[in-house]
J.: 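Can you keep this structure in mind? I'll have questions shortly.
Bear in mind the structure is a predicted one, so any value in this text is a computation, not a measurement.
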Amino acid sequence: MALTRTVTGLVLITYLTTHFLNHALGLISLAAMEAGRPWFLLLWRSPLGTVLLYGSLVTHFGLALRSLYRRRNFRLAPWEATQLLLGLAIPPLLATHITATRIAWAIFDAPDTYARVVIGFWIFRQDMGFLQMVLVVIAWTHGCVGLHFWLRLKPWYRHLTPWLRATALLLPVLALLGASQAGKEVARLAREPGWLQATVLRPDPRSAADRVLQERIRDGILAAVGASLGVVLLARAARQLHERRRVVRITYPGGRQVTVPAGVTVLEASRFAGIPHASVCGGRARCSTCRVRVVEGAELLPPASAVEVRVLKRVGAAPSVRLACQLRPTRDLSVTTLLSAVAGPADALGHRPGAGREQEVTVLFADLRGFTQIAERRLPYDVVFLLNQYFAAVGGAITRSGGLANQFTGDGVMALFGVERGPDAGARQALAAARDIVLSLRGLSAALAGELREPFRIGIGVHCGPAVVGRMGFGETEYLTAVGDTVHVASRLEQLTKEYGCELVVSEAVALRAGLDVSAFPRHEATVRNRQEPLAIRVIADAGALALPAGAPPAARRVRSAAD
């Protein structure tokens, strides 16, 4: 069903996109709208286009009714409620438009040119014109909400979000402006002698009886929509009466129990009782954020469906883990939620490091030198101010270079690179960030020269290798971080900057990954705890003069140019 909903939704939003583009041509002229219309009709009035369009419309509405029937309560997330209500509102608003255009053309051979449609909505039936504008907003919003909550589970979506949001806003606005401009042009043409008669009245082959039949068809569509909605609501009521005969008790952590009719999903039970429970996809089995561990009663549960099994396999779930949105217990059971109630798309499918996995990353440690002397004899407010200025400079450099500053402890910072783009890009980003940090601190020292006895000095260590990356912590303090030998080595390299009196110490593994020639820098071998072999490192006294490797972030290059 999820695939069917997605495919039909894509067909419908494609239709809206092409229709709105045709409307937007009204900003040029009514003639431009008419010129673009044959291309629009070539797609959507072909046999294949007709089947796709109206088959998708009927199927999508049927899926909305099915969703309405299957819900045991209406305690929905705001976006789910909006999506459902808008979807149910579209067919009634669409009935008049369909009968006046497609059905009138197909059955009565009535022309439905833009001039005729626009003059009808702009002059003769302005109330219907207003409803069509409302329909444009409702249909487009429904489609965009559905598209967003489907695509946000894709790892590449957030990079395209600004462009897609701009498109989602501009397209209906341009369509409405185009229709409005066409209406003004039609109103002007209607004042010309004979134009209205020639455009609206003479070419129409429909008789009075045909118009009555057309109205009956519209009323029939409205009646069918209303009847189907009524049948679903009656079926829900009958099912609820039947299900009340048998109830199940679901026990949550802390001993809280929720009693619900058999057949209610665990996610619905949580919402019914007001228990916070994550569900990024809205209970459609597209993500795994609602998953729970069954503590007691697992042996009596109905087997998982193919859709649920596929999602659980994707995240490597244990046998006792089930999706709360798909699990409909018939016996009492105890469960424990596995994700925070505020889990987001990054936690949805386990394809991002938030779910926890081993991968090769580059780790950067930076520590401010001599901050104790800087902070002594200063008021606490001044100390906090200086630290925040320092963290802003370092964090900004890390972010500009594509890294993630995930730990600020005292006057030290830990950052991860290559979490999303891979180890080679991560090494280049880390080196660019190291240089950017040094240059940024030099600029900050110059700006605060009157407040400082001496400029800020920093030591930076960079190493790359395998680490366990994931969201760790508790409650609101949970954040993305890494643990393992690579992290300890990077910390050790930062400490070595004190011994060598330099700004940056990098392992040769980082230089190799980044494609950076470090032959000009002193080479040493460092001993690291828990490692039998010594580690080859390069000591860089002036990190601000470091030549960026090919492929380094452009932001770091701009910082270097500004400093020069």
J.: Strictly by modelled atom types, are Thr330 and Arg246 linked by a side-chain donor-acceptor pair under 3.5 Å?
T.: no
J.: Closer than 3.5 angstrom, by distance alone: can the side chain of Ser401 be matched with the main-chain N or O of Ala397 as a donor-acceptor pair?
T.: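 Indeed, once roles are kept as given, a pair shorter than 3.5 Å links the two residues.
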J.: Shortest non-hydrogen contact from Ala64 to Leu84?
T.: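 Smallest heavy-atom distance, with atoms named: O-CD1, 4.0 Å.
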J.: Within the side chain of Thr17, is there an N or O that forms a donor-acceptor pair under 3.5 Å with the backbone of Ile13?
T.: yes
J.: Does the gap between the ring centers of Phe365 and His463 come in under 6.0 Å?
T.: no
J.: Within the 4.5 Å heavy-atom criterion, are Leu323 and Val266 side-chain neighbours or not?
T.: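 Leu323 vs Val266: side chains apart.
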J.: With heavy-atom distances below 4.5 Å as the criterion, would you say the side chains of Leu177 and Val173 are in contact?
T.: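 When only atoms from C-beta onward are counted, Val173 and Leu177 do touch, with a gap below 4.5 Å.
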J.: If only atom types and distance count, is the side chain of Thr289 paired as donor or acceptor with the main-chain N or O of Val280 below 3.5 Å?
T.: yes
J.: So His23 and Tyr114, would you call those rings parallel, tilted or perpendicular, with 30° and 60° as cut-offs?
T.: perpendicular
J.: Quick check: does any side chain N or O of Ser46 sit under 3.5 Å from a backbone N or O of Leu43, one acting as donor and the other as acceptor?
T.: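 Side chain of Ser46 to backbone of Leu43, a donor-acceptor pair under 3.5 Å: yes, one is there.
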J.: Keeping Thr486 on the side-chain end and Pro466 on the backbone end, is there a donor-acceptor pair under 3.5 Å?
T.: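 It does hold such a pair.
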J.: Would you find a donor on one side and an acceptor on the other, under 3.5 Å apart, between the side chain of Ser228 and the backbone of Val225?
T.: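 Side chain of Ser228 to backbone of Val225: a pair is present.
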J.: Would you find a donor on one side and an acceptor on the other, under 3.5 Å apart, between the side chain of Arg239 and the backbone of Tyr69?
T.: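 Looks like yes, one N/O pair under 3.5 Å.
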J.: Please check: side-chain N/O of Thr14 versus main-chain N/O of Leu10, any donor-acceptor pairing under 3.5 Å?
T.: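 A pair under 3.5 Å: yes.
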J.: Got a donor-acceptor contact below 3.5 angstrom from the Arg291 side chain to the Leu312 backbone?
T.: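 No; zero donor-acceptor contacts below 3.5 Å.
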J.: Apply salt bridge (Lys or Arg N to Asp or Glu O under 4.0 Å) to residues Glu268 and Arg271 and explain how you reach the verdict.
T.: CA-CA 5 Å; Glu268 289 173 328; Arg271 289 176 171 174; over 6 Å; no
J.: So do the side chains of Thr265 and Cys325 get within less than 4.5 Å of each other, counting heavy atoms only?
T.: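 Heavy-atom side-chain distance check fails, nothing below 4.5 Å.
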J.: What closest approach, in Å, do Tyr252 and Ser270 show between heavy atoms, and which atom pair accounts for it?
T.: OH-OG, 2.7 Å
J.: Is the distance between the ring centroids of Phe40 and Tyr15 under 6.0 Å?
T.: yes
J.: Go through the side-chain N and O atoms of Thr481 and Gln407 and say whether any donor and acceptor fall under 3.5 Å apart.
T.: yes
J.: Could you tell me how the ring of Phe391 sits relative to the ring of Phe408: parallel (under 30°), tilted (30 to 60°) or perpendicular (over 60°)?
T.: perpendicular
J.: Quick one: sort the His19 and His97 rings into parallel, tilted or perpendicular, breaks at 30° and 60°.
T.: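 Geometry flag for His97 against His19: tilted rings.
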J.: Which heavy atom in Phe20 sits nearest to a heavy atom in Val136, and how many Å separate them?
T.: CZ-CG1, 3.5 Å
